[in-house]
Enquirer: 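I am attaching a structure below and will ask some questions about it afterwards.
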Amino acid sequence: MNREEALAQAYAAHAAEVTRIAARVLRDAEAARDVCQEAFVRLHARLPELRGPPGPWLRAVAWRLALDGLRRRRREVASLEAREPAIPAALDPLDLAGEGEAGERLREALLSLSERQREVLLLRVVGGETFPALARALEISEGAAKVHLRRALDRLRDLCGGDP
Amino acid sequence: MTCDQLVDLLPEALTAPALPAEVEAHLAGCAACRAEAEAVRALVARVRESFPPEAEVAPPPLAAILAAARAESPEPLVAAPRGGSAWLARAAALLLAAGLGALLDRSLAPRSATPDAPSVRSAAELHLAAREAVAERPGGLGASLAVLGALSAQSGETGASGRR
């Protein structure tokens, strides 16, 4: 099977869920599709070296790209607000109605974790990945993945407190 | 299991599909650990709620992904064997330098050509494409072998085969 055939096969199996992951983070269909395309382009380049099934790797890349996009967008919004203070803060699509400050604090806290901690946390907690799959996708040991998860949750508790 | 051990296990246990029996057993008999488990559970739930499922977003079409993937990393003509010998790479480079682009006619056409891709290219264009392929391929040996393979295919009974 050549690379393009392998890519098409991975697309059939995973494109929908990769787009869904990106949409969960970015709340924007076009941006989610861009993330999906980039994830599969990277898979195509990576296929000769990839160990194991592409699914967990693709999901990890989707989270990473989507969160990078989120961080970029927030910087743009912050920069825009700094220049034009009259523009309301609710340009952020993640500012879901009713969520308010607590939700915002949690998202800020998530973005302040190390990349590794954030990836492990989201892949495990939101993505429901098993530790073996997650570890292989991120090219770390299962033990290291569990430490990252513990530290991520500890840090979130420090930053967000115990409010419900 | 001690309370310290239990607390260490909570992130993994509370993000698993089901609570391990030993964890359940300890929690049943330890109010302090139950309180800790509740705090972790609540935090995990908040993280999940930060990324609620989005309405279904259609992924980008496979054709767009393939086009982008091809543009980023063109597929070699033959599978590049891992490892390989340096002399083969040097021989390929020498052959290219000797201006054997004319011999590459047709052999360097993309394997799965899209309908609007030109099926016939001038020898100079093919030569340039081959040189670019060698220069840009990670670990250029793959494309070097591809060139030798193409030359072998073209000339038929030539002794110096690039394929194994």
Enquirer: So which of B:Pro11, B:Ala69, B:Pro60 has the largest heavy-atom pair count under 4.5 angstrom toward chain A?
Expert: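 The candidate making the most pairs under 4.5 Å is B:Pro60.
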Enquirer: Shorter than 4.5 Å, heavy atoms on both sides: which option in B:Ala64, B:Pro61, B:Pro53 has the most such pairs with chain A?
Expert: B:Pro53
Enquirer: Between A:Leu110 and chain B, with a heavy-atom cut-off of 4.5 Å, which part of the residue counts as in contact: side chain, backbone, both or neither?
Expert: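 It is the side chain, since no backbone atom gets that close.
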Enquirer: Quick check on the interface: out of B:Ala39, B:Ala58, B:Pro17, who has the most heavy-atom pairs with chain A under 4.5 Å?
Expert: B:Ala58
Enquirer: For the pair A:Arg116 and A:Val147, evaluate side chain to side chain contact (heavy atoms under 4.5 Å, CB included) and give the outcome as yes or no after the intermediate values.
Expert: CA-CA 11 Å; A:Arg116 205 38 111 217; A:Val147 168; over 6 Å; no
Enquirer: Is chain B contacted by the side chain of A:Leu121, its backbone, both, or neither, given a heavy-atom distance below 4.5 Å?
Expert: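 It is the side chain, since no backbone atom gets that close.
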Enquirer: Strictly distance-based, threshold 3.5 Å: is any side-chain N or O of A:Thr19 a donor or acceptor partner for the main-chain N or O of A:Ala15?
Expert: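 Answer holds: yes.
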Enquirer: Sort out for me which of A:Val35, A:Thr130, A:Leu43, A:Val41 touches chain B most, counting heavy-atom pairs under 4.5 Å.
Expert: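 With the most close heavy-atom pairs to chain B, the winner is A:Val41.
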Enquirer: Could you check whether any side-chain heavy atom of A:Leu122 comes within less than 4.5 Å of a side-chain heavy atom of A:Val25, counting everything from C-beta outward?
Expert: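 A:Leu122 does not reach A:Val25 side chain to side chain.
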Enquirer: Does A:Arg157 come within less than 4.0 Å of B:Glu36, counting only side-chain N to carboxylate O?
Expert: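 Between B:Glu36 and A:Arg157 there is a salt bridge, with a charged N closer than 4.0 Å to a carboxylate O.
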Enquirer: Any side-chain to backbone donor/acceptor pair from A:Arg20 onto B:Glu54? Under 3.5 Å, distance only.
Expert: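 No, because the side chain of A:Arg20 does not come within donor-acceptor range (under 3.5 Å) of the backbone of B:Glu54.
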Enquirer: Below 4.5 Å, heavy atoms only, C-beta onward: do A:Glu4 and B:Arg70 meet side chain to side chain?
Expert: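 Yes, at least one pair of side-chain atoms sits under 4.5 Å.
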Enquirer: What part of B:Ala71 lies closer than 4.5 angstrom to a heavy atom of chain A: side chain, backbone, both or neither?
Expert: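 Neither the backbone nor the side chain of B:Ala71 comes within 4.5 Å of chain A.
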